[in-house]
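This report refers to the structure that appears directly beneath it.
Predicted model, so just to flag it, every value in this text is computed and none were measured. These numbers come from the heavy atoms of this one structure, side chains and all, not from hydrogens, waters or symmetry mates. Chain letters run A, B, ... following the sequence lines, proteins first and then strands; every chain starts at 1.
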Amino acid sequence: MSDSDADVLDQLAGLSPDSPLAALRRQRPDVVAHMQGSDDAIFRPKDDGGFVPAERAAAALQVALGLRDEILIAHYRERLHALDPSETLAERVSDGEVSRDKRWATIIAHVDRVTKEPESAQPSDLQALSAVGLSDHAIVSLSQLIAYVNFQSRVLAGLRMLREAR
Amino acid sequence: MSKPMRDFTKGELEWSPWIEPVDLDKATAGQRDALKITPSSRAVGAYSLVLAHDPEALSERSPLYNGIMFGAKGLPRAERELGAVTASRINGCAYCASVHAKRFVDLTKEPEVMARIHADGVEAKLDTRRRAIVDYAAKLTRDPASIGAADLAPLRAQGLSDLEVLDLTHAVAMFGWANRLMQSLGAPLPEGSETGSAAL
């Protein structure tokens, strides 16, 4: 990825390095650094535990669709395209349609459930993920990813509010 | 959608995982390293040991959490906790709501505020500054796409600076993360259970 040195959140929020809001974010340097670090750990892990980068981008796209976050939808579509030029996974992230691929359908169901009704998750959801081949590492990575994109969308919403009010 | 918040005065809930936690005796170097920094100073609990299955994500998330909830200056810590309680209540995370209600009370010595939220939810009667904070936290939790410039006015009217608004946004967003992790990887143990422990 060519943008690995840039701050993803600044890019998504449309903040140039010399903007007042970029400076405001830098009053919390730990937060800026570890937000970017989390993005790298979730989307460019050294060890993906069998939950591969293209699947990660596709799952993030599904979270963004669930949140109707146009900026994140475009961002994860682009990332998915870069990782999966054949568009195999992109075709499976088709709004509302249940995928015929069992592994992918199970992942997507989990993404939607944890994004939209986090309190409805059950132990059987993790058993289902395990049954379609996700390791414990992959299951934790998927939970972190779903939770992270939900976090990211809310941070972006707050920055958008501050920018629009200027 | 939101369940009643457990009475925080009864002490903190225990959390039980749905997948096997990492065995500390068999942990890899990366997992041990990730477990060094936990967001609270308590012993390594089941929650951290489950998250250690993905040590790369855990080692970034712990300092991010600490920076957001404990960073110096800016929004008073109690008001970050109020944002955390609001998000947790709406997301139905009884465990998170009880832990952070207790932290709010420890910081403010105002148990009656959390008692009102416990009884009446996020619509509970609050002073105008806390009302503005809870309203923003609730809207951001329920539907981030709906947030716009108009939502800033009530926070500004209560004197919140840009940094304080950013701090509140970070805290509420972090609980959109914490609530989902906690509720998708395990659940609080029934009251009276003795096993397991967790650190947020």
Side chain, backbone, both or neither: which part of B:V50 has a heavy atom under 4.5 Å from chain A?
both
Selection from B:A145, B:G74, B:A153 maximising heavy-atom pairs under 4.5 Å formed with chain A
B:A145
Is there a donor-acceptor pair under 3.5 Å between the side chain of B:R180 and the backbone N or O of A:V114?
yes
I'd like to know if B:R131 pairs up with B:D135 as an ion pair, taking the criterion as any Lys NZ or Arg NE/NH1/NH2 lying under 4.0 Å from an Asp or Glu carboxylate oxygen.
yes
What option among A:L142, A:I42, A:T115 has the most heavy-atom pairs under 4.5 Å with chain B?
A:T115
In this structure, CG of B:D167 is separated from CG of B:L160 (nearest 0.5 Å) by 9.5 Å
Mind checking which of residues 21-35 of chain A sit less than 4.5 Å from chain B, heavy atom to heavy atom?
A:L24, A:R25, A:Q27, A:R28, A:V31, A:A33, A:H34, A:M35
Roughly how far, to the nearest 0.5 Å, is CG of A:L89 from CD of A:E55?
6.0 Å
Under 4.5 Å from any heavy atom of chain B - which part of A:Q122:
backbone
A:R56 side chain vs A:F51 backbone, donor-acceptor pair below 3.5 Å
yes
By a 4.5 Å heavy-atom criterion (distance strictly below it), what part of B:A187 contacts chain A: side chain, backbone, both, or neither?
neither
Proximity breakdown for A:D69 and chain B, heavy-atom pairs closer than 4.5 Å
neither
Please classify the contact between A:L67 and chain B as side chain, backbone, both or neither, with a heavy-atom cut-off of under 4.5 Å.
both
Heavy atoms only, distances under 4.5 angstrom: which of B:L155, B:D151, B:D143 has the most pairs with chain A? Name it, please.
B:D143
Please confirm whether A:F151 and B:Y65 have ring centers closer than 6.0 angstrom.
no
No-hydrogen, no-angle side-chain donor-acceptor test under 3.5 Å, B:Y95 and B:S88:
no
From CA spacing to verdict: side chain to side chain contact (heavy atoms under 4.5 Å, CB included), B:R80, B:I68:
CA-CA 9 Å; B:R80 300 181 211 187; B:I68 286 173; 5.8 Å; no
OG of A:S130 to CG of A:D136, rounded to nearest 0.5 Å, is 6.5 Å
Chain A: which of B:V172, B:L51, B:N179, B:V22 shares the most heavy-atom pairs with it under 4.5 Å?
B:L51
Going through the checks in order, is the side-chain hydrogen bond (donor to acceptor under 3.5 Å, both in side chains) test met by A:Q144 and B:W177?
CA-CA 8 Å; A:Q144 288 278 20; B:W177 185 336; 3.0 Å; yes
For residues 157-166 of chain A, give me every residue with a non-hydrogen atom less than 4.5 Å from any non-hydrogen atom of chain B.
A:A157, A:G158, A:L159, A:R160, A:M161, A:L162, A:E164, A:A165, A:R166
Using a 3.5 Å distance criterion without hydrogens, assess whether the side chain of A:R79 forms a donor-acceptor pair with backbone atoms of A:A60.
no
So among B:K102, B:K109, B:R103, which one has a salt bridge (Lys or Arg N to Asp or Glu O under 4.0 Å) with B:D106?
B:K102
Step through the shown structure and confirm whether more than 12 heavy atoms of other residues, nucleotides or ligands are within 6.0 Å of CD1 on A:I71.
no
Less than 4.5 Å to any heavy atom of chain B: does that hold for the side chain of A:D48, its backbone, both, or neither?
neither
Closest-packed option against chain A by number of heavy-atom pairs under 4.5 Å, given B:S146, B:G176, B:A72, B:G186
B:A72
Distance check, rounded to the nearest 0.5 Å: B:M114 atom CE versus B:H118 atom NE2?
12.0 Å
Describe, in one word, how the ring planes of B:F175 and B:H100 are oriented to each other, choosing from parallel (under 30°), tilted (30 to 60°) and perpendicular (over 60°).
perpendicular
